[in-house]
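Please read all numbers here as calculations on a predicted model, not as lab measurements. So that the names make sense, note that chain A is the first sequence line, chain B the second, and so on, each numbered from 1.
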Number of protein chains: 2
Amino acid sequence: MQPDIAVVAGLIGESTRARMLTALMGGKALTATELAVEADITAQTASSHLNKLVTGQLLVVRKQGRHKYFQLKGPKIAALLETLLNISNDIASARPPVTTGPADPRLRTARVCYDHLAGELSVKLYDSLITRKLIAQECEQVQLTAQGLDFFADIGASIAQGKSKRPLCKSCLDWSERRSHLAGITGQWILNDLFKQGWARKDLDSRVVQFTQQGLRLFSKKYSIDI
Amino acid sequence: MQPDIAVVAGLIGESTRARMLTALMGGKALTATELAVEADITAQTASSHLNKLVTGQLLVVRKQGRHKYFQLKGPKIAALLETLLNISNDIASARPPVTTGPADPRLRTARVCYDHLAGELSVKLYDSLITRKLIAQECEQVQLTAQGLDFFADIGASIAQGKSKRPLCKSCLDWSERRSHLAGITGQWILNDLFKQGWARKDLDSRVVQFTQQGLRLFSKKYSIDI
DNA sequence: TTAATACTACGTTGTCGGTCGAAGTATTGA
DNA sequence: TCAATACTTCGACCGACAACGTAGTATTAA
């Protein structure tokens, strides 16, 4: 029997739940109340939706005191949502040449895509890594070169493959830029490093990554990016 | 503004429409009536659904006489559906250890995944290509090796990259096998070649690829597969 | 303990949309 | 021309479900 794609798609295919899931693309675990605010509904309704999403295996929940933290269940779910974001963006921009929304410019510049960086800045990063031959892209597939491995070892990146099945590198299509950016373990490390260095912080209740002036300078220096 | 993933997901997230879309994963264009039969509804209801799917940009329609042929709009949509099939399969098999459905064995053996081959046989094909170093898989990414390019040139495959952005090779995760198989231009060529040689035919109203006895023999010989 | 917060369970309401019957238009074939 | 087929439009019905108010149960803070 074929798997029933309607149940999963149906869970995502309701605007309120979709807003919650999109909010969780920020990678951070959010509480039920936060998600209720995000989706602009009461706590009761949110509770009901979140229950469905957990039962439907799209979210996992961690209880902490009187709070319940919800999170996307894994990279697979995040990838599905990103695919949906891409296609939806294609469709939306194909439709009306009018109102090609300016969008939140900060969201367009840099945002979190589950566990890695997305947006203009991440595309520039990707281009730089390609130009410097630290990653190689063939056939729309990416991998670290020997130089790349050295480079990331030098800057102290702990990106050992480990026993996880996750690829070191993975290109992720950006819905705002329509260009590739870096996902996978390496992409995840870069984002974490960013925060650890204090170069940027995640906006509350949003996927926006807000760089400090100096952070942006140091970041672009580290990865040789022209701003 | 973020794209609204709810509309696309909502279109897929209705069981009747999901059945139609899954049927179209066979890659063949189907008429409205055929899809109505497939989904077990009347022609009126089917018409309404198909209209929505076309408006929603998931399908394209070609009019031919008094028939209307519907088809998935492109590889992107097919990829989205395949991702959904995978996740749904994971979820379904995680749930009840009971009724791990035997499924249609023929569907499990060989089926069409939009424009390439999927199922047990395709996974074996993939493994054979890897073993013989005709394709290389690193970091979960695939590409044709030099030998691979020679091999496919020898057997007359016209798999020039062309100006299309489609990758030559692409691994596609199989929902029935939980293993990779070959997609992309090369995967498409192999499937077409199969039919051209008369080694197999597509079942009507299904994704099943039905091999002839001799076809299976010649196919496995051509690609050095152990059956 | 009392009060406040975070979340949940239940019952009601109202809307949205899937479904089909009936009737209509276009195309094909005899 | 007449009849059959393929698809669409309209209208009505009805079930599903999102939303919330009320009323609960945990957990924390004072």
Let me know the distance between [atom1] of [X] and [atom2] of [N], rounded to the nearest Å.
{"X": "A:Glu14", "N": "C:dC16", "atom1": "CD", "atom2": "P", "value": "13 Å"}
{"X": "B:Ile41", "N": "C:dG18", "atom1": "CD1", "atom2": "C1'", "value": "9 Å"}
{"X": "B:Arg62", "N": "D:dA6", "atom1": "CZ", "atom2": "P", "value": "17 Å"}
{"X": "B:Met20", "N": "C:dT19", "atom1": "CE", "atom2": "C1'", "value": "12 Å"}
{"X": "A:Gln64", "N": "D:dT28", "atom1": "CD", "atom2": "C1'", "value": "14 Å"}

task = With heavy atoms under 4.0 Å as the rule, sort A:Ser48 into base, sugar-phosphate or nothing.
result =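 Answer is nothing: A:Ser48 stays at 4.0 Å or more from every strand.
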
Whether [X] contacts [N] is assessed here as follows: a side-chain N or O lying under 4.0 Å from the phosphate OP1 or OP2. Is that the case?
{"X": "A:Lys52", "N": "D:dA18", "answer": "yes"}
{"X": "A:Thr45", "N": "D:dA18", "answer": "no"}
{"X": "A:Thr42", "N": "D:dA19", "answer": "no"}
{"X": "A:Lys68", "N": "C:dT8", "answer": "yes"}

Which nucleotide wins on minimum distance to the side chain of [X], given the candidates [options]?
{"X": "A:Arg66", "options": "D:dT8, C:dT5, C:dT19", "result": "C:dT5"}
{"X": "B:Gln44", "options": "C:dC20, C:dT19, D:dA18", "result": "C:dC20"}
{"X": "A:Arg17", "options": "C:dT19, D:dA18, D:dT27", "result": "D:dA18"}
{"X": "B:His67", "options": "D:dA6, C:dG18, D:dT22", "result": "D:dA6"}
{"X": "B:Ser47", "options": "D:dA19, D:dT8, D:dT27", "result": "D:dT8"}

Counting distance only, does the side-chain N/O of [X] pair as donor-acceptor with the main-chain N or O of [Y] below 3.5 Å?
{"X": "A:His116", "Y": "A:Cys113", "result": "yes"}
{"X": "A:Ser47", "Y": "A:Ala43", "result": "no"}
{"X": "B:Arg108", "Y": "B:Glu120", "result": "no"}

message = Do the side chains of B:Asp193 and B:Lys222 get close enough for a salt bridge, i.e. N-O under 4.0 angstrom?
response =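 Salt bridge: yes.
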
ask   = Looking at A:Leu59, A:Leu35, A:Leu58, which one forms a side chain to side chain contact (heavy atoms under 4.5 Å, CB included) with A:Met20?
value =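 Result: among A:Leu59, A:Leu35, A:Leu58, A:Leu35 is the only option passing the side chain to side chain contact (heavy atoms under 4.5 Å, CB included) with A:Met20.
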
